[in-house]
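Throughout, a chain's letter reflects where its sequence line sits, starting with A, and its residues are numbered from 1.
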Number of protein chains: 2
Amino acid sequence: MNVILKSHIKCNQCPIRHRAICSRCDEDEMAMLESMKSYRTYASGDVILWRGEPLEFVASVVSGVATLTKTMEDGRTQMVGLMLPSAFIGRPGRKVIDFDVTATDDVTLCCFDRVKFEKLIDDTPHVAQRLMELALDELDAARDWMVLLGRKTAREKIATFIELLSRHSSMNNDDHTKNIDLHMTRDQISDYLGLTLETVSRQFTALKKDGIIDFSDRRHFVVKDLAALHDETGDDADGGIVA
Amino acid sequence: MNVILKSHIKCNQCPIRHRAICSRCDEDEMAMLESMKSYRTYASGDVILWRGEPLEFVASVVSGVATLTKTMEDGRTQMVGLMLPSAFIGRPGRKVIDFDVTATDDVTLCCFDRVKFEKLIDDTPHVAQRLMELALDELDAARDWMVLLGRKTAREKIATFIELLSRHSSMNNDDHTKNIDLHMTRDQISDYLGLTLETVSRQFTALKKDGIIDFSDRRHFVVKDLAALHDETGDDADGGIVA
DNA sequence: CGTTCCCTTGACTAGAGTCAAGCAAGGTGG
DNA sequence: CCACCTTGCTTGACTCTAGTCAAGGGAACG
């Protein structure tokens, strides 16, 4: 469950120091942030924020993965964002958010009181600049995802998703033959890709039958043919659409 | 075709003065922007920027509507943004953009040299702050659109689209019974909604048969039953998902 | 007046959704 | 330690929505 901790990691030892909203800050600005921050941790599956709930804090993801989801009245759900470490949750100037934020892993957040943070932005241009960059990056990602949701087939969606995991995994570990962790259930993947869980399952099976991937267990797989995988994504040869 | 004009509208008479990237600027900052800007105009249908083309300028939409589209190798196209007056095109820190920008109406842009603008952002916090807000607004819109693309039925997509036009039109003109201009062809609408043009046409016909809308000609319609229209969007009663 | 563009409509198809049954792994309690 | 349950996943059979292919209408324009 949700635990609030006083800040105990020094900012200059923080794993997301170079990528988060603070990345452009100088020493004085860092000292200011350091005095304001507090950490919260959430267990896998915890809801971090409910849609419509008043937004008391904004936060950077320090470790773990959180998802943003929107649910329609009848229960249809669409994931609208995947928040990896260094991503920023919440927005200055808005008192509520209109999606649910959920921890898919154990998550640690570096939190700031929303009202104080809004004042900080006016005084600290480096934070606004970095927040602008992060928002524009998110926007690029959202636009790529719109192509996937609006135009790709189920097979292309799954191939794109696997390629994404594979690229992300090889950033941390350059052995391409290593098992990759799916992190999510079939149900969560279907919400991410705009499919049903049955279709996700069938497409995994199909890609396995075609020798493109192989599952060691339900949650871990190996990409056996990276080029063939890419051919199934619908993106062009140089990865253009993802750019 | 594309015409470049020296700036001739004074910023303090500009129609988007209060909403564009300059909205937070003081007099000195405005003078700076005024000296840098130039206008470009495009005719309906002109391509403003091709995907992959080096990005020489960034710009605000002053009048008219531009679209951002991504096209897959085999021609499948998805619109990923609709740029209305005050929207900002281009992003500091990126030399190319990975979508096409097209004028759907006659469009006037207020342009700034990209490199100069990037320097400006470092010196003018009010611009970075506003750009952050605009990016976050775009992000919210993109996330709503992801729900539409991933989870809504054809009928819900069309109803949402019509409601969007209707809301936008009543902002400028509060007579709800007035003809609303579609602005786009069926083909462009289908690219916006992730459908085919035939499905768009059929859903228009269906909504007309059900007495919810009525077409005066191919491009102009009236909403006859706003409540019934909303019921078809799939969004909840208070418009929650759009929030 | 013919051509082009845009749109509508019909007939058919296919891809993904729905409903349902059952399996496997892991956890729990007797 | 075994029986039982739960959760997550797979698979099959069937349905249905939206896509595809094709024909034709009507307005606009040269």
Exercise for review: Sort out for me which residue in A/V200, A/L207, A/T199 forms a side-chain contact (heavy atoms from CB on, under 4.5 Å) with A/Q203.
Suggested key: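 Testing each of A/V200, A/L207, A/T199 against A/Q203, the sole residue satisfying side-chain contact (heavy atoms from CB on, under 4.5 Å) is A/T199.
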
Review point. Are A/D46 and A/R40 close enough for a salt bridge, meaning some N to O gap below 4.0 Å?
Key: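 Salt bridge between A/D46 and A/R40, a charged N being under 4.0 Å from a carboxylate O: no.
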
Practice item. Identify whether the distance between the nearest side-chain nitrogen and carboxylate oxygen of B/K224 and B/D210 falls below 4.0 Å. Key: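 Looking at B/D210 together with B/K224, the answer is no, because their closest N to O distance does not fall below 4.0 Å.
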
Output yes when at least one side-chain N/O atom of [X] is less than 4.0 Å from OP1 or OP2 of [N], else no.
X      : N      : value
A/T205 : D/dT11 : yes
A/T199 : C/dA16 : no
A/T185 : D/dG8  : no

**Study point:** Interatomic spacing from OG in B/S60 to OH in B/Y39 - rounded to 0.5 Å
**Key:**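 The OH atom of B/Y39 is 9.5 Å from OG of B/S60, to the nearest 0.5 Å.
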
Figure out the [atom1]/[atom2] separation between [X] and [N], and round it to whole Å.
X      : N      : atom1 : atom2 : value
B/R76  : D/dT20 : CZ    : C1'   : 14 Å
B/I158 : D/dA18 : CD1   : P     : 10 Å
B/F215 : D/dA27 : CZ    : C1'   : 16 Å
B/K208 : C/dT9  : NZ    : P     : 8 Å
B/L197 : C/dG10 : CG    : P     : 16 Å
A/K152 : C/dA16 : NZ    : P     : 13 Å
B/I189 : C/dT8  : CD1   : C1'   : 14 Å
A/F221 : D/dT10 : CZ    : P     : 13 Å

Check your understanding: Any N or O donor-acceptor pair linking the side chain of B/E198 to the base of D/dC21 at under 3.5 Å?
Key ->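 Indeed, a donor on one side and an acceptor on the other fall under 3.5 Å apart.
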
Exercise for review: Look at the side chain of A/R202 against the base of D/dG12 and say whether a donor-acceptor pair falls under 3.5 Å; ignore hydrogens and angles.
Suggested key: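 Looking at the base of D/dG12, it does pair with a donor or acceptor on the side chain of A/R202 (distance under 3.5 Å).
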
Review point. Any side-chain heavy atom of B/R91 sitting closer than 4.5 Å to one from A/L139?
Key: no

Study note, to complete from the structure: A/R219 has its side chain closest, among D/dA18, D/dC9, C/dA16, to D/dC9

Review point. Nearest to the side chain of A/R218 - D/dA18, C/dA24, C/dA16?
Key: C/dA24

Check your understanding: Pick the nucleotide of DNA chain C nearest each of B/K209 and A/Q203; which residue has the one closer to the 5' end?
Key -> B/K209

